Amino acid sequence: MREAAGSKCIADAKVAGIEHFRAQGYRPFAMIDNQPQNLEAVAARDPSREILLLHAGTLFQSRPQRIPETAVHGNVYDLTELVPKKALPQHIQFVWESVNNEAVFSEFLKSNIHWADLSILANFHVRKGRQAQQYIPVSETQSGLFYQYLQQLKNHRRGIKLDLGSAGGQHMYLSNVLQSVGMPSGDIWLRAGIESMAEKEFRYLAETHPDAVIEVPIDFLAPLILNGSRLAESVLDRLADWGVNRFALSWKTPHVRMLHELLEHWGVESTIYDVHELRVFLQAVLLTPRAICSEFNFPAWQRIHCGKRRMRDTVGEILKFA
């Protein structure tokens, strides 16, 4: 809604922007602006008051008397709750983290998210016997849930993500488990740090699961990437030669936006993890990385879901007596 080059009337440009979206079949329902004359101009073209006018109480040039009476005043407007879960963009892969109980797994299956992270359940102890290593589950309950969820993921054609770095070096064992249940390699996502696995182990996973996502976190390379170091590119190239096809960045890593842009410029696919709030999640989505990992337990989405459920229940009660 910016004015055209050389234009001196910003308010007219705002009105033209509203009309443009209407002509495209959209229904503008809200507008945020800090300049009273822009809100005034839009209000004049909206006699039916279909557009909610939100005045941002920052510095503005025109007189505050020009703010329409119908406008809402404020310094902060939280628009995150306007974005529902079903509106998630399909070109980004989403991973539901910490799937570790029946309730979370049930919510996952109801969603349109493809990947479930079962790393917490796939945690085994290694015991060396006389002839071979034995893998002992942390608990029978945890073991049972892991195999149960794994089978259901396969039946529902969903994907599984496992963090081998937290699995005690049991990459071959878990790889065999995935093969034994017939999990398609295209639905397998394996993550490990270079401190926990060697080159031959990465190559083994890439050869055993040719269509799987093989991921490595590279936050430790952030300073080198930001400095445009050739060494950082060399490390990424070497890992790619081992079979790694995805690199992960924590949202908490300083300058993560710039890091993502640099990786994108190098033609490197990246995942952003440590995304725990809806506001942060939506900011990460705007970066359009290849994938985003989150627990998807945002209170705003829960309130929307509960509100819809209460409405359905109310309608049902009315229909009983109709």
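Remember, it's a predicted structure, so these values are computed and weren't measured experimentally. Throughout, numbering of the chain's residues begins at 1 and tracks the sequence.
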- Message: Please confirm whether the ring centroid of W115 lies under 6.0 Å from the ring centroid of W189.
- Response: yes
- Query: Is the backbone N or O of V256 less than 3.5 Å from a side-chain atom of H260, with the two atoms forming a donor-acceptor pair by type?
  - Reply: no
- Query: R203 and D241: salt bridge (Lys or Arg N to Asp or Glu O under 4.0 Å), yes or no, with the steps?
  - Reply: CA-CA 9 Å; R203 291 189 182 277; D241 182 62; 2.8 Å; yes
- Will you find, in the side chains of S250 and D219, an N or O donor that is under 3.5 Å from an N or O acceptor? no
- Salt bridge between R157 and D187, side-chain N to carboxylate O under 4.0 Å? no
- Task: Please examine the side chains of E201 and L205, heavy atoms only from C-beta on, and report whether any two atoms are closer than 4.5 Å.
- Result: no
- Query: Is any side-chain heavy atom of L178 closer than 4.5 Å to a side-chain heavy atom of L150?
  - Reply: yes
- Query: Around R22, counting heavy atoms of other residues, nucleotides and ligands shown, do more than 12 lie under 6.0 Å from its CZ?
  - Reply: yes
- Message: H209 vs S175, test: side chain to side chain donor-acceptor pair (under 3.5 Å). Steps then yes/no.
- Response: CA-CA 8 Å; H209 310 285; S175 175; 2.7 Å; yes
- Query: Does V268 offer a backbone N or O that forms a donor-acceptor pair with the side chain of R246 under 3.5 Å?
  - Reply: no
- Would a 4.5 Å heavy-atom cut-off, applied to side chains only, mark R290 and I92 as touching? no
- Using the ring of each side chain (for Trp, its six-membered ring), is F281 parallel, tilted or perpendicular to F94, with breaks at 30° and 60°? tilted
